[in-house]
Each structure stands twice: as structure tokens, then as C-alpha cells.
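Below is one structure, written out as C-alpha cells; comments come after it.
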Amino acid sequence: MSEHKESLNFIEEIIEEDLRNGKHDGRIHTRFPPEPNGYLHIGHTKAIWVNFGLAEKYGGVTNLRFDDTNPTTEETEYVDNIKKDIAWLGYKWDEREYYTSDYFQTLYDYAVTLIKKDLAFVDDSTADEIAEQKGVPSKPGKESPYKTRSIEENLKLFEGMKNGEFEDGSKVLRVKVDMTSPNMHMRDPVIYRIKKETHHRTGDEWCIYPMYDFAHGQSDSVEKITHSLCSLEFIHHRPLYNWFIEKLEIFPSRQIEFARMNVSYMITSKRKLLRLVEGGMVDGWNDPRMPTISGLRRRGYTPKSIRDFCAATGLAKRDNVIEVELLESILRNELNQDAQRVHVVLNPVPLVITNYPEGKVEMMVAKINPMDEDSPTREIPFSGRLLIERDDFMEEDPGKKYYRMAPGRNVRLKNGYILNCTGCTKDADGNITEVQATYYEDSRSGSDTSGVKPKGTMHYVSEQHAIEAQVNLYDRLFTDPTPTSHENKDYLEFVNPDSLKVIEKAYCEPYLVNAKQDDKFQFIRLGYFTPDYDSTAERLIFNRTVSLKDKWKKKNK
RNA sequence: AGACCCAUGGUGUAAUGGUAACACUACGGUUUUUGGUAUCGUCAUUCUAGGUUCGAGUCCUAGUGGGUCUACCA
């Protein structure tokens, strides 16, 4: 038996080595630390997958921690949405729901410790002055004139800051690291600032708030996080992260950075997404075209498809733009297995079967999901007057590569009969108002003895039995794979004007009256659809999740 | 400009010093009562130049290219 070695990503290798060395007694503990100031999007799913997924794989656990150190931007509403999104993705944090704001007292005490060790000082410089002191990376910075304050004075002033004795912006607490470091984050970074604002959880209890660098790593330590997995843009913070662990002598969590995931035709900048929402280009943060988790959910994406996508795209440190086609492929793959098949006609033209007995109705029995051996069946009404897609008929036969209806052509109706097209009727403007055909009586689906072998198969609905629905045809939001990468062009110029096409009246087979929220359908030959949040039994609304692959359409482009 | 990170088909990820693999895309077949699915095939002198080695995508050096950082945001 040969040992098949599973290939590991670089973080799994680190974890396995730690496990081999018995580090932290073999404990794996990660965290996902969103700031509750916006909605989660496709990019966040990677970080969620990494932190939750890796802990799960190695028998560890993951904390959900809200990094709420900035009262200006954070709101409880976001907390609730973030929890909903993560739960929907299928990850559990049980009772491990934490808030950095829970540690405000601990963090304050840590700061006092640093002051006592003469490693922190209160600085009266303005933000501009501090920036000036830090200078540029290529030249050493200048020391703050306040850096020489005594420990006692610093202690007193910091307490004063805490007690609200000073105005916003008048003082900050800084740590004494290294003003000559080429790493700007090491140039005596600010760790506390005054903000007399109401915090979503601590209210007015505090008026000083720790900065990211003095909150994140320390929270990791407090929670005994073993592996703090974050995206590459934090790599320059790591020396500081480790500096605090060393100086504070706290639990040595380890920060490991990976490349964030970018997806073509999507953007993830909060600010840029906000412009779409505010500009009315989309219908809110959960518009089915948005890359937000709530948008993807409304669009009909499944949690599994998103998790599988994260897994399929791997983990590394190089910049990447993953083609949406991969996401769509994974999605289609899942939906193909699970979706209920139905007949829906989006752009109808009546089809009259001239030799079909007047008033006759037959019920065609069809599998709901042909991919499933034991699929239950449904009944599709068939009659002499049907609706078919306008695109499925051509008055002039375009040649032998064409498989659909044209005068003289045979074509199979899925779950129906084989037809021979005889012609069409047009109105005064030349628009086709009706297509005519005859049917082969012995060609019924399932008991076809006609011997006729048509090349094409089409879907239909019986006109008198059809139910109406609104159908939203969503397409990608941008016409360019990387809309924000163009120096001279605003990304809004690439907003796809055809990203939504609303079909007010589509015609569905009766089976769809029972469509429920979260149901996944394949409209045969058209694509995958799911009921919109606003869909009701009285007024059905379907969103297109993704179209079917269509070689024919592609060929004819 | 300095420091840091990165460099494998169109895209993404593998190959853990032993002759480039997998998935997606694209293109071309076969099958098919969804132009879907399934299935078969085609698409790379591993950024460049030196070096170490019997042997280098992998290790070393230099170069080139791309990214990141220079917030009282996270």
C-alpha cells in the first residue's frame, strides 16, 4: 500500500510542525476578528475559511471576535449581520463570541505597565506633527519632544486622558520603539487616542480607545490564540505584534499572513461598494449582484459552493485574481446535483399543434431531478396550445448546425412529443404571433416508438396551465475583470448596464406554485434560479443564480 | 526613495533536490429527450543571468518585474 501524501498549504505545514513539536500542548486555537463596521463579502470568506477551517481540521476551535476599538464606525447592526453570515456559511463558534471592547480594562492596564517600564509616553503633538516626526522610510525619523517625560508624569497624564480631562486629539499615548526603523509601524506608534464618543457596547464608560496595534495582538494573547491568521497587508505589523508580546510578557500568539483572495469581476472595497449602494446602481447591500455574503445568498449561491471555492483556490502568499468562472463552475456542479428541474418560458411565442385533439390535456410525468436515481416525479400538463421560447423558432432555416424549430424541421419537446414544424403566422408588422406544428402521436416521452430522431430538444409550458412569475436575470456587475485596476478610469465606468434584466412575465409550469425560500431550481435549458426574498405564492419572483453553460450561444457570439 | 513580501500554462494551486501534476477557462471530438450533464483530446523550454550539485521549479547570489507599508482606521 503506497502512502499517498496529501499536499499541504504553507500554514498547514506550520501547524503540523507545531503539532509535532508539541507546541502549546498540541492545542490549535484561531480567531476570526471582523470589525463590525460593514458587511462581510466574498473576500472575508477566505479568512473565515482559513481560521475556522484550519482549526476544525486540526481539532481546534475558533473564536469569533469583534474588533470594536473604534466607536466612530461601529454598530450593533453589523454585529448581527456578521454573525448571521458566518452561521450561514456553516461555521460555529458556540459560546466563543468575544469583543475587543471586553478587554478595554486589561488593555489599559497593559498600557500602564508599559509606561512603568518607561516604554510608553504621553505625546501632546498633533497628528500632523507626529506624521512629520515619523517622516519617510528612507530617512530616520525625529524623536518627539515629549518622549523624555518622566514615568510619573506619563502615568498622571494617561490617567487624566482616561478620566476625560483632555480634549479629543490633544494627547495620545505612544510606545518607545524605534524612530529610525525602516518599518514605519515601529516608529513610536500611537497606541491610545482620545475619542469622547459613545461605544456600541461600552457606552460612555471610556473616552480613550486603543489602536489596532495595541488591541489585536493583545486580544489574541488574552484568548490564548495559538495561530493568528490574517492577510498579507498586516505583515508589517508583525514585528510590533511580537514586540508587545515580548515587552508585556504575555501569551505568545503567532501571527501568520496569507494572500487575500481577489475574484475577477468583483470588488471588495467597502468604500467602493458603498458608492454603488448610494448611487442606486444596486438595490442595497444584499442586492444579488453584490459580492457581499448576503448578496450571494440572495442570488442563490450555496454555503457549500463558497466553502468549496475557498478550498479550491488554495492558500499562498502571492497576489492573485481568481476567475469567477471557477466559482461558477463549482456552483453549477453542486446545483446540477441538487436542483429541481422545471419548465419555464421567459420569452414566449404560442405554438399550436394542429393535429392534437381539441381540448385534450395529458399529464406528462417527469423526474424532479434526473441526477437522482430515486427522484420523485411531478406532472407537467401538455395540450394543443403551448408556449415556447421565441428564440427556439426561426422562420428561415439557418442550416444544419441549428437544432431547433424551423418550417419542415422535427424537434423533440422535453417531456412531451416530437413535433414537425409546419409554419408560422405573422401580424401586420411582420412579428411572429404563432408557430404551427403537427405531432407524432407515437412519440410520447417514455414510450416513443416513432423512430423519429430529431437533433434538438426544447422546453415548453401549456398555455392554459401556465402560471406567471417575475424573473430577474442577473449578470456580472462589471464589464471588466478588474474594474479598480485602471489608473485613468473610475471603476464606475465599468458597471455593466445589463447586469439586471427583469422579465415581468415569465410562464412557469404549475409545479412552481410551491416554490419556497431557498429552493434551488434549474429552469431547463436556461439556468439555475431561486425564489427572491420578496417572492410569495401570489407573486412569484425568481432570481437567476447562474446560467447554464451554453456552447451554442457562445458559438454564435 | 527605504524596508518587507512575492515570482510555475490564460487563471489559480501542486510537485518538500530526482525531469512539471490537478482544477477552471479556451479550443476540438464522442454520448445525450436540457446545445446541460458525462466522457476523450489539445494548450508550460517553471521571470532573467550566474553559481552549488551526479541532478535545480525547488538551494545560493545578482538583476528584473509585481505587490505592500509611510492613519490619533482596522
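All heavy atoms count here, side chains included; hydrogens, waters and symmetry mates do not. By convention in this document, chain letters (A, B, ...) are assigned in the order of the sequence lines, proteins followed by strands, and residues within each chain are numbered from 1.
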Could you work out which one of [options] sits closest to the side chain of [X]?
{"X": "A:Asn320", "options": "B:G12, B:C73, B:G35", "result": "B:G12"}
{"X": "A:Ile235", "options": "B:U34, B:G35, B:C5", "result": "B:C5"}
{"X": "A:Val190", "options": "B:C72, B:U33, B:U37", "result": "B:C72"}
{"X": "A:Arg525", "options": "B:C4, B:C73, B:G35", "result": "B:G35"}
{"X": "A:Ile524", "options": "B:U34, B:A74, B:C72", "result": "B:U34"}
{"X": "A:Met371", "options": "B:U37, B:G66, B:U34", "result": "B:U37"}
{"X": "A:Ser138", "options": "B:U70, B:C73, B:A1", "result": "B:A1"}
{"X": "A:Ser329", "options": "B:G67, B:U34, B:C24", "result": "B:C24"}
{"X": "A:Arg341", "options": "B:U34, B:A23, B:A74", "result": "B:U34"}
{"X": "A:Tyr212", "options": "B:G36, B:U70, B:A74", "result": "B:A74"}

Can you find an N or O donor on one side and an acceptor on the other, under 3.5 Å apart, linking the side chain of [X] with the base of [N]?
{"X": "A:Arg318", "N": "B:G66", "answer": "no"}
{"X": "A:His236", "N": "B:U68", "answer": "yes"}
{"X": "A:Ser445", "N": "B:U33", "answer": "yes"}
{"X": "A:His185", "N": "B:A3", "answer": "no"}
{"X": "A:Gln522", "N": "B:G36", "answer": "no"}

Distance, [atom1] atom - from [M] to [N], rounded to whole angstrom:
{"N": "B:C22", "M": "B:U61", "atom1": "P", "value": "34 Å"}
{"N": "B:G65", "M": "B:U8", "atom1": "C1'", "value": "15 Å"}
{"N": "B:G10", "M": "B:A26", "atom1": "P", "value": "16 Å"}
{"N": "B:G50", "M": "B:G67", "atom1": "C1'", "value": "26 Å"}
{"N": "B:C6", "M": "B:C43", "atom1": "P", "value": "32 Å"}
{"N": "B:G9", "M": "B:C4", "atom1": "C1'", "value": "29 Å"}
{"N": "B:G66", "M": "B:C72", "atom1": "C1'", "value": "32 Å"}
{"N": "B:C24", "M": "B:U37", "atom1": "P", "value": "11 Å"}

Requested in this report: Specify the closest pair of heavy atoms between A:Asn37 and A:Thr73, including all atoms of both residues, with the distance to one decimal.
Outcome: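 So the two residues come closest at CB-O, 3.4 Å.
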
Please classify the nucleic acid contact of [X] as base, sugar-phosphate, or nothing, using heavy-atom distances under 4.0 Å.
{"X": "A:Thr73", "answer": "nothing"}
{"X": "A:Lys549", "answer": "sugar-phosphate"}
{"X": "A:Glu13", "answer": "base"}
{"X": "A:Glu325", "answer": "sugar-phosphate"}
{"X": "A:Asn415", "answer": "base"}
{"X": "A:Arg332", "answer": "nothing"}
{"X": "A:His237", "answer": "base"}

Whether the [X] and [Y] side chains hold a donor-acceptor pair (N or O, under 3.5 Å, no angle test) is what I'd like checked.
{"X": "A:Thr180", "Y": "A:Asp178", "value": "yes"}
{"X": "A:Thr198", "Y": "A:Asp204", "value": "yes"}
{"X": "A:Asn410", "Y": "A:Lys453", "value": "no"}

**Report entry** Nearest-nucleotide 5' precedence on RNA chain B, A:Phe523 against A:Lys134
**Finding:**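 Comparing both residues, the 5'-ward one is A:Phe523.
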
**Report entry** First of A:Gln337 and A:Lys455 reached from the 5' end of RNA chain B, by closest nucleotide
**Finding:**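 Nearest nucleotide further toward 5': that of A:Lys455.
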
Query raised in the report: Does A:Lys196 pair with A:Asp168 as a salt bridge, N-O distance under 4.0 Å?
Result: no

Query - Complementary nucleotide for B:C54 - Watson-Crick or wobble, under 3.5 Å - result: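 Base partner found: B:G18.
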
Query - Mutual orientation of the aromatic rings belonging to A:Phe478 and A:Tyr491 [parallel < 30°, tilted 30-60°, perpendicular > 60°] - result: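 If you compare the ring of A:Phe478 with that of A:Tyr491, the planes turn out tilted.
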
Query raised in the report: Between A:His459 and A:His343, what is the ring plane arrangement, given parallel below 30°, perpendicular above 60°, and tilted in between?
Result: perpendicular

